Each structure stands twice: as structure tokens, then as C-alpha cells.
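Below you'll find the structure, written out as C-alpha cells, and then a few comments.
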Amino acid sequence: MPPEMKHVLQQKQVLSASQVQSLEMLRMSSTELRQCFEEEYQNNPFLEQTGCVMEETSPFGNEYRFGSSGQTASHSRDEALLETGKYAMEENPRRELLNQLNPRDYAPGEWQAVEYMVECLDENGRFAVPLELVARRYGLTADRATELLRECQGLEPAGVFARDLQECLLLQLWRLPKAEPVAERIVREGLPLLAAGKIGGLARQLGISTALAQQAAEQIRSLNPRPMEGCGREQTAYIHPEVSIRWRQGWEIMVHDEWRQNYSVSEYYTQLANTAEEEALKEYMAEKLRRVQFMMQAAQKRHDTLLEITKSILSRQEAFLRGNGPLVPLSMVEIAEELGLSPSTVSRALKDKHLQGPLFVVPFRALFSAVRVESAQGETTGELVRETLRRLVAEENPACPMSDNRLQQLLQEEGVTMGRRTIAKYRAEMGIPDSRERKIQRPPGKR
């Protein structure tokens, strides 16, 4: 049969690039979204920081990890240092520090002092014990105790044995082969401004250009203020709830993206864009401005979507979140229909996100009952059916366990209508064997 050409008319939905990016930002956790804004801030002059957007009191956040998990067994620690700039420590970090020194280079009292100083390090590698105490305890002069500390500060990882944040950063800067000339000045004189993200104020204080201050700030942010954090023990995985609810004469809902308020569109660069005369420059600046405006709008839409979804869930699962009732049957389709969204949008917005309630932290997805079962009292959740099955099996005669057909009849007597195959599926999910495997054989000779 010869090939034919036909015209076919069909409808097809195609997402624009901006819609795809908006959906991707909706899926992001607050941490991922904050990193996205931070990267944009580093590369887009139209995005301005008006306050501190970083966690804790240092300008670094919590993403510093030293360890050997990323290295293969064939790589030595020296190779890891050359390749990544990070010194991978073994399971006992204090013993690893001592292994970098030769005891025969020290007098007995001096080596005991070094061992004591190593034991005095906190979990981040900071040394907070007065040197006068070390000198007095081991019969050393103040100068010799200072020399021992300087030698210990030369160990790996860089920054260990620092007495404060400033010294920790300086110890690392001094080892960099290409340290920015003004980076040391920023560490000594401008850390508060750097922590607040005020690069312009930092440049004015030091009398340097904004570009130079930005370049040095990026190098400082690449340093590790906690050189030994997590060494020698498994990392603890923390849950950061995206949304919190609490009862204060009514429900209060908070979406944890307050850091967004510290970002804004730069008025200075907006005025430059309006007065630019070169066509290429105008087009470049207009694109950068559109990018910032889009990100601000997408982040706000993410905030509003999470807020509305949480309100809708809360109206249905209030008793469960208060701790005085079970989960009620609920699907994402219901939430989507109520809010005028697609189920995929609701699913994407709640992906890997948690809700902090008055009593516990729970994954958003755990608030949806995946299975609905018809009962005499109305709809019930699959979990309640599982509890009923578990009770029936526990109460059965071990010598004559019930078949799935019998379990189906008993459930129907309790007002729950289910198919035998569904019961078999639930039973298998709960790890309950079938009736033949559950049967307990009677001892021989007994009836």
C-alpha cells in the first residue's frame, strides 16, 4: 500500500519556557529556592539584597561538609586535598590531627600539651581554651604555648585550631595560592556587612569598587567556618518544614520563605536601563530585569499556592493535626478542584515538603489517604481497614486461620465492602501470610 499524506487537526498544550521555570520553582524546597536566588544575585545586578538572607550569624550557611564519602578508596587524602581543596578526615578526627605531627619533635611535656589541645577542640574545630591555662598546666612558657598553637593551626583541614571566626577565615585565606588582595581586609574589617549581604556598603567602607568587593566576597564565602563539622560521625539529616501552623485564637499559617523580603529589584540599575542609549545594552539590561521580575513573581506564586493548599488541607484534617482524630479520606484531586488547580500542580507543590503542626512534623503527602473504601458509615480510609484486618487475624483460631474469603465476609458484616483481591493486597502489604502459612499444625496424636 503506497504511503499517504494527511492533514490532521489536533489540540496540543505546549508549555512556554517561563511556565516550565515557574513549575520548577514551585517544586523547589525553600532551601533550594534560596540558593537559586543567591546564585541569581551573584550574576544579575538587577537583584538587590536589602538585608541578611543567610542562616545563623555567619555569611556562609550550613553547606560545609568534610568527609571521605565523595572519594574512592584508591584516592589518598592528599589527592583529595589537591583535587577539591578539602581535606578528607578519617573516622577519628582528633587522632588524624595527631598523626600529622611527629611526637619525637617535641619534649614529653610539649607533646602532652599538644594532645590536650587537640582534645579541647570543639565539634567544629575551634580552640577556645586560654593559652595561659595550657602553659601553666604543662609547665610551658607563654611563648612556647603560642608556638605550639601556631604549629597546630598549620594542620589540615585549614582553619582548624582557630580561636574565632575571623582567625578561622584568615588561616584559610593565607593558604590559598591566589587569594584576593582585599579578602583579608574584608575579613578583618567588614564581616558584619558581608554577613548582611551589603556589598555596596562594604565597597564604600573599604574604598574599593563593587566588582572587586563582590569577587573577594565570593572567595570568602567559599571558605569553611567550621573545618571539622561532622567529622568522625554520621551526618544528621534535619527536616526543615516548609509550612508551620499554630493555634492562636484561630489557625495561623506561616510559609517559611521570609527571606524573600530581603530581595528587591535594584532601583539604580532600573534607572540605568531606562536611560541606556545603546541598543545592545538596552536589550541586555531588559533581559536581566525581566529575569528578576519573573523570579519574584514565581516565588510569590509559590508562596500563595502553598498557603492556599495548606488552608484547604487544614479544613479537612484539623482533628488529626490537633491529635484528637484520625485522618479523613482525602485526595489531591479534591484539593485541586477546590482551588482551581491541576492535580499535578498540587503534587509538585507538596513534593518532599513537610508541615509542622502543633504536635508533630508530618510530610504533606501523609495527610492524603491514597485509598478510599465504602463502608456502612460512609467512606473510610485504607489505614482503618488495615487496622481491622490486623485485629481479625490476631483474634482468629491459630489452628484454623481464616481465608481471604472469610475475611471478606467479616469485613462486610462490619459494614466495609471490599474485593477479595484487595484484601489479599492489603494483607501482603502488612506482611501477613496467607491462611496456609499461618496455620499452626497440631502436635501428632492430638485432635
Side-chain angles (χ1 to χ4, degrees), residues 31-32 34-67 70-71 77-89 124-126 150 153-231 259 262-263 266 269 288:
T31 301
E32 292 171 333
R34 184 169 61 245
Q35 291 173 348
C36 180
F37 266 77
E38 177 64 21
E39 291 175 3
E40 188 69 21
Y41 166 72
Q42 301 289 345
N43 299 291
N44 194 333
F46 283 86
L47 186 60
E48 184 176 63
Q49 282 185 7
T50 57
C52 181
V53 298
M54 305 198 185
E55 298 177 348
E56 301 183 346
T57 57
S58 79
F60 309 97
N62 294 316
E63 300 304 321
Y64 298 94
R65 292 291 183 271
F66 278 79
Q71 305 296 329
R77 292 187 298 277
D78 292 338
E79 290 173 331
L81 177 61
L82 290 173
E83 293 178 5
T84 66
K86 298 181 179 181
Y87 190 87
M89 301 195 76
N124 296 321
R126 200 69 55 82
R150 294 303 181 200
Q153 288 177 343
L155 304 178
E156 295 289 350
V160 73
F161 282 96
R163 287 164 288 187
D164 52 36
L165 174 62
Q166 185 182 80
E167 187 175 39
C168 179
L169 300 178
L170 290 175
L171 288 172
Q172 296 176 64
L173 280 176
W174 292 336
R175 295 200 200 180
L176 294 179
K178 295 182 180 180
E180 293 295 332
V182 297
E184 183 173 338
R185 287 188 61 197
I186 292 178
V187 171
R188 293 187 183 278
E189 306 172 27
L191 275 184
L193 288 174
L194 178 60
K198 297 180 179 179
I199 303 299
L202 189 63
R204 287 191 295 271
Q205 176 179 312
L206 300 180
I208 58 178
S209 67
T210 303
L212 187 58
Q214 182 67 49
Q215 190 173 354
E218 290 177 8
Q219 186 173 70
I220 294 172
R221 287 193 177 100
S222 70
L223 304 178
N224 184 1
R226 298 175 287 273
M228 285 179 58
E229 183 184 34
C231 291
W259 52 267
N262 296 315
Y263 283 104
S266 173
Y269 280 98
K288 290 292 186 181

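Computed from a predicted structure; not experimentally measured. As a basis for the values below, the full set of heavy atoms in this structure was taken, side chains included, without hydrogen atoms, waters or symmetry mates.
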statement: What one should report as the nearest heavy-atom pair of Ala203 and Ala213 is CB-CB, 4.0 Å

- prompt: To the nearest 0.5 Å, what is the distance between CD1 (Ile208) and CD1 (Ile186)?
  reply: 5.0 Å

message: Check whether Gln49 reaches the backbone of Lys198 with its side chain - one donor and one acceptor, N or O, closer than 3.5 Å.
response: no

- prompt: Checking Arg175 side chain against Gly159 main chain: does a donor-acceptor pair fall under 3.5 Å?
  reply: no

- request: Return the set of residues passing salt bridge (charged side-chain N to carboxylate O under 4.0 Å, His left out) with Glu184 (not counting sequence neighbours), or none when no residue passes.
  value: Arg188

message: For Leu191 and Leu169: C-alpha separation, side-chain torsions, deciding distance, then whether side-chain contact (heavy atoms from CB on, under 4.5 Å) applies.
response: CA-CA 10 Å; Leu191 275 184; Leu169 300 178; 4.0 Å; yes

query: What distance separates Gln166 CD from Leu171 CG, expressed to the nearest 0.5 Å?
result: 10.5 Å

- request: Please report the closest heavy-atom contact between Ala217 and Leu194, naming both atoms and the distance.
  value: CB-CD1, 3.5 Å

- prompt: Short question: side chain of Asn124, backbone of Arg126 - any donor-acceptor pair under 3.5 Å?
  reply: no

- request: May I ask you to decide if Ala162's main-chain N or O and Glu167's side chain share a donor-acceptor pair within less than 3.5 Å?
  value: no

- request: Using the test salt bridge (charged side-chain N to carboxylate O under 4.0 Å, His left out), find all partners of Arg185 that sit at least two apart in sequence or belong to another chain.
  value: Glu189

Reported CD1-to-OG distance for the pair Ile199 and Ser209, which is rounded to 0.5 angstrom: 11.5 Å

message: Ring-plane angle category for Trp259 and Phe37, please: parallel below 30°, perpendicular beyond 60°, tilted otherwise.
response: perpendicular

query: Looking at side-chain heavy atoms only, is the closest gap between Leu223 and Val187 below 4.5 Å?
result: no

query: Which heavy atom of Val160 sits nearest a heavy atom of Met228, and at what distance?
result: CG2-SD, 3.6 Å

field: For Glu39, side-chain contact (heavy atoms from CB on, under 4.5 Å) partners two or more places apart
entry: none

Spacing of Asn43 atom CG and Lys288 atom NZ [to the nearest 0.5 Å]: 6.5 Å

message: On a heavy-atom basis, which atom in Asn224 and which in Cys168 lie closest, and how many Å separate them?
response: O-SG, 3.6 Å

- prompt: What do the steps show when you test Tyr41 against Gln214 for side-chain contact (heavy atoms from CB on, under 4.5 Å), and what is the final call?
  reply: CA-CA 11 Å; Tyr41 166 72; Gln214 182 67 49; 4.1 Å; yes

query: Which heavy atom in Ser266 sits nearest to a heavy atom in Pro45, and how many Å separate them?
result: CB-O, 3.7 Å

pair Tyr263-Glu38: side-chain heavy atoms closer than 4.5 Å: yes

task: For residues Ile220 and Ala183, report the shortest heavy-atom separation together with the two atoms involved.
output: CD1-O, 3.6 Å

- prompt: Just by distance, with hydrogens left out, do Gln172 and Gln219 show a side-chain donor and acceptor under 3.5 Å apart?
  reply: no

